[in-house]
Amino acid sequence: MRIHLVQHGQAKTDDEDPERPLTDRGVDDVTRVAAHAVEKLGVRAPRVLHSGKTRARQTAEIWGGLLDVGVEQSDALAPNDDPTTWVERLDTQTDDLVLVGHLPHLARLAGLLVTGDSDHPVVRFRPGGLVALEPADSGWVVTLVLPPEGA
């Protein structure tokens, strides 16, 4: 089982649009990363979950389209949500999963999975980028980091 943590793509500011949809660059970055991950790295997942915020939903829809799967809104993926909720959920997860969310939540979740400490950063997330983790004997390990510049 592998979990793919995706930070939403670059979004408009609150002043530009209070809904904060993706910018053109955000759409391009997410599309490039997702296409590279799916077509060149063989990323597969039967589910793509997002926070419900417009920018995360749009990012998830791009991923879902390339993976040919539907996308679902989920709780506990908002910027300041407690990452322990997902740690507990992942204990029962058997299939690969794409979670599309926000900082600081994704960074805190990765830190908690890898080190046991949500305040210990283990990887730098980038808007539109992908971080994959897999369970190992002693917890979780980072197996892939794909920033928009690398796709």
Side-chain angles (χ1 to χ4, degrees), residues 1-12 20-69 71-72 74 76-91 93-151:
M1 193 277 271
R2 181 184 274 189
I3 181 173
H4 302 89
L5 304 178
V6 177
Q7 182 183 350
H8 66 78
Q10 181 186 74
K12 294 183 178 181
R20 301 215 43 223
L22 295 178
T23 63
D24 290 342
R25 177 181 172 186
V27 170
D28 290 345
D29 287 348
V30 171
T31 301
R32 191 172 54 259
V33 168
H36 185 90
V38 171
E39 296 166 8
K40 302 219 186 297
L41 303 176
V43 169
R44 300 284 178 267
R47 295 177 68 203
V48 178
L49 305 177
H50 64 85
S51 71
K53 292 186 180 288
T54 301
R55 57 199 179 273
R57 179 185 47 77
Q58 290 176 314
T59 299
E61 288 170 349
I62 293 168
W63 274 90
L66 286 164
L67 289 167
D68 197 26
V69 299
V71 301
E72 305 167 47
S74 179
L77 290 174
N80 295 310
D81 283 346
D82 183 352
T84 58
T85 302
W86 275 102
V87 172
E88 293 166 3
R89 289 178 184 173
L90 292 173
D91 281 341
Q93 183 71 31
T94 57
D95 292 326
D96 288 3
L97 185 64
V98 175
L99 297 179
V100 180
H102 314 263
L103 293 181
H105 179 262
L106 292 176
R108 296 187 74 224
L109 176 57
L112 190 56
L113 289 169
V114 174
T115 70
D117 182 352
S118 64
D119 293 324
H120 185 85
V122 294
V123 65
R124 181 174 177 215
F125 282 83
R126 303 291 287 258
L130 164 68
V131 173
L133 298 112
E134 291 181 15
D137 292 339
S138 62
W140 290 73
V141 294
V142 176
T143 57
L144 174 66
V145 177
L146 185 58
E149 306 81 36

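Within the 4.5 Å cutoff, the side chain of R108 has heavy atoms near those of the D119 side chain. Between V38 and L67 the shortest side-chain heavy-atom distance falls below 4.5 Å. Side-chain contact between V27 and Q58 is absent, with no heavy-atom pair separated by less than 4.5 Å. Side-chain contact check for V131 versus L106: every heavy-atom pair is 4.5 Å or farther apart. The shortest side-chain heavy-atom distance between V69 and V98 does not fall under the 4.5 Å cut-off. Counting heavy atoms from C-beta on, the side chains of K53 and H8 never come closer than 4.5 Å. With contacts defined as side-chain heavy-atom distances shorter than 4.5 Å, the pair L22/R55 qualifies. The shortest distance between side-chain heavy atoms of N80 and P104 falls below 4.5 Å.
T143 OG1 to L133 CG: the interatomic distance, rounded to the nearest 0.5 Å, is 6.5 Å. From L109, atom CG reaches atom CG of L103 across 11.5 Å, with rounding to the nearest 0.5 Å. Taking CG of D117 as the reference point, atom OG1 of T115 lies at 5.0 Å (rounded to 0.5 Å). Once rounded to the nearest 0.5 Å, the distance linking OG1 of T94 with CE of M1 reads 8.0 Å. With rounding to the nearest 0.5 angstrom, the CH2 atom of W140 is 5.5 Å from the CD1 atom of I3. Taking CH2 of W86 as the start and CG of L49 as the end, the distance is 5.0 Å to the nearest 0.5 Å.
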Would L146 and L41 count as a side chain to side chain contact (heavy atoms under 4.5 Å, CB included) if you check the C-alpha gap in whole Å, the side-chain angles of each, and the deciding distance to 0.1 Å? CA-CA 10 Å; L146 185 58; L41 303 176; 4.1 Å; yes
Start with the C-alpha gap between L113 and L90, add the side-chain angles, then the distance that decides, and say whether side chain to side chain contact (heavy atoms under 4.5 Å, CB included) holds. CA-CA 10 Å; L113 289 169; L90 292 173; 3.9 Å; yes
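A pairwise comparison of heavy atoms in L130 and A37 identifies CD2-CB, 3.8 Å as the closest pair. Across every non-hydrogen atom of L5 and A110, the tightest pair is CD1-CB, 4.2 Å. Contact detail for L97 and A45: the closest heavy-atom pair is N-CB, 4.0 Å. In plain terms, the two heavy atoms of P46 and D95 that are nearest each other are CG-CB, 3.7 Å. A pairwise comparison of heavy atoms in G128 and P148 identifies C-CG, 4.2 Å as the closest pair. Annotation for D81 and A78: closest pair OD2-N, 2.9 Å, computed over non-hydrogen atoms.
The local environment of CG in D24 is sparse, with at most 12 non-hydrogen atoms from other residues, nucleotides or ligands closer than 6.0 Å. The environment of CZ in R89 is crowded: more than 12 heavy-atom neighbours from other residues, nucleotides or ligands sit within 6.0 Å.
No hydrogens or angles considered: a donor-acceptor pair under 3.5 Å links the side chains of T84 and D82.
D29 has a carboxylate O that lies under 4.0 Å from a charged side-chain N of R32, or vice versa, which qualifies the two as a salt bridge.
Applying the salt bridge (Lys or Arg N to Asp or Glu O under 4.0 Å) test to R20 and every residue at least two apart in sequence or in another chain returns nothing. Every residue was checked against the salt bridge (Lys or Arg N to Asp or Glu O under 4.0 Å) condition with R44, not counting sequence neighbours, and none meets it. Looking at residues two or more places apart in sequence or on another chain, you find no ring-ring contact (aromatic ring centres under 6.0 Å, His included) involving H50.
Only one option out of Q7, E149, Q10 pairs with R126 in a side-chain hydrogen bond (donor to acceptor under 3.5 Å, both in side chains); it is E149.
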